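This is a predicted model, so every value here is computed, not measured. Order of listing sets the numbers, starting from 1, for every ligand and every atom in it.
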Amino acid sequence: MAMHLRFVSFVCLFSLLLLLSSCTSSDEFTGYSYDPEGVTNTTDKEIQEQHKRTIGVSSTGVWISNEFDGARMNNFYRVKDSLYRVVIEPENHPINNSPWYSFKIHSDSPQKIRLQLAYKHGKHRYFPKLSIDGEHWSPIPLSRIEADTAAGTATLTLDLYEEPLWVSAQELLTFDDMQQWADSISTSASVAKLDTVGYSHNNRPILKISAVQNISTRNRGVLIITGRQHPPEVTGGLASQYFIETMLNDSELAKSFRDKFDILIYPVVNPDGVDNGHWRHNGAGIDLNRDWEHFNQPETKAIRDDLLPLTNDSSRTVYYGIDFHSTNENIFYPINRDISTFPEDFTYGWIDTLIKAAPDMPINVEPFPPNSPIAKNWIYHTFGADAVTYEVDDAADRKKLEEISRQTAQIIMRQLLEEWNKNKK
Ligand SMILES: [Zn+2]
């Protein structure tokens, strides 16, 4: 018994030491619970290029294609009778379980088929969305999907015609869509300007929207926004669009906000991943949101180099950073409350206001120590500013998502203005 007790206290002491060291050292971080091993080694890895093609079964006249931006479909064949299988593979592995798929399927003559989604290195996760034009989407009816959680597959019942049917993990929000959107808000809101700050691994532009309205004010705040580091996280991308539109519109609030704050936005950090239908990584097989310490990738490096001059700019102070993502719930990851940031506890303040304003909305908060090489923590370490990882539910009702995103933008603008007024010299 005594031996046993001594062992227990030894284990406690050991765990306490481990805990203390992980809180104080940034070298300890090796990945979150859902990350694959080696995630913090961000030097280029091999990726498996997706073969772009239209393939099918000529005897039954069923055809499938991945020849469009954002598509992912690696193989397709008939299993038996009217049962077919589509095989979905990641860009490389090990990889987090965010198995993106997107393809078009049609039939020479009308027929009903069963289509099994089968994944390599992953299990079914995203509830399928259907579209007949690639623009308007609806979730597949519940009666038409059977998921096999043990096997990690899902089988869909589809009516096929000569006109293609899009089947996708989420609605498509391609790099081209984001670029057109960025272009249109920059043109229509004369306060914003669209630039390229660098190029991705596969040479796509890293976009920047800057709203710098009042260049004559010597004491301006800065808000930094990033998004789409992880390609399948479409709801985070949509939320960022509504959020940004609200900050760039001509409401009195937005105008007075921009009078005091510059807004610097990098809306698509991972354009290669978005267009190649990647599950998680960039064109060099790397999780970009683990590269904000070593900066081995051109995408993170371009954004860092664009922002670093702010550290020597006495007329501008970074107040806040927001990095948009999606997961299986609405959750905000602030920096641990005991860490001192400027402004202090800003994230906790606006979340409290949002929860009061939208009491029916499930919102979770999970603070983290700033010891991982993610965008939010780089903002804190570089500028001392507070920052948040803003995660939107994959399954969020899209109307509600729009409403909440606009409301959150208003709350954050108001509260940043209050902070600015407190701190003006
Ligand atoms: Zn993410």
Practice problem: Could you tell me how the ring of Tyr84 sits relative to the ring of Phe76: parallel (under 30°), tilted (30 to 60°) or perpendicular (over 60°)? | Solution: parallel

Quiz prompt | Side-chain donor or acceptor of Asn282 paired with backbone N/O of Asp272 under 3.5 Å | solution = no

Self-check item: Proximal heteroatom of His230 relative to the Zn ion (ligand 1) (N/O/S)
Solution: ND1

Exercise. Kindly give the atom name of the N, O or S atom of His325 closest to the Zn ion (ligand 1).
Key: ND1

Quiz item: Between Tyr319 and Phe342, is the gap from one ring center to the other below 6.0 Å?
Solution: yes

Quiz item: Can you check whether Glu89's main-chain N or O pairs, donor with acceptor, with Arg72's side chain at less than 3.5 Å?
Solution: yes

Self-check item: Glu391 backbone or side-chain N/O/S under 2.8 Å from the Zn ion (ligand 1)
Solution: no

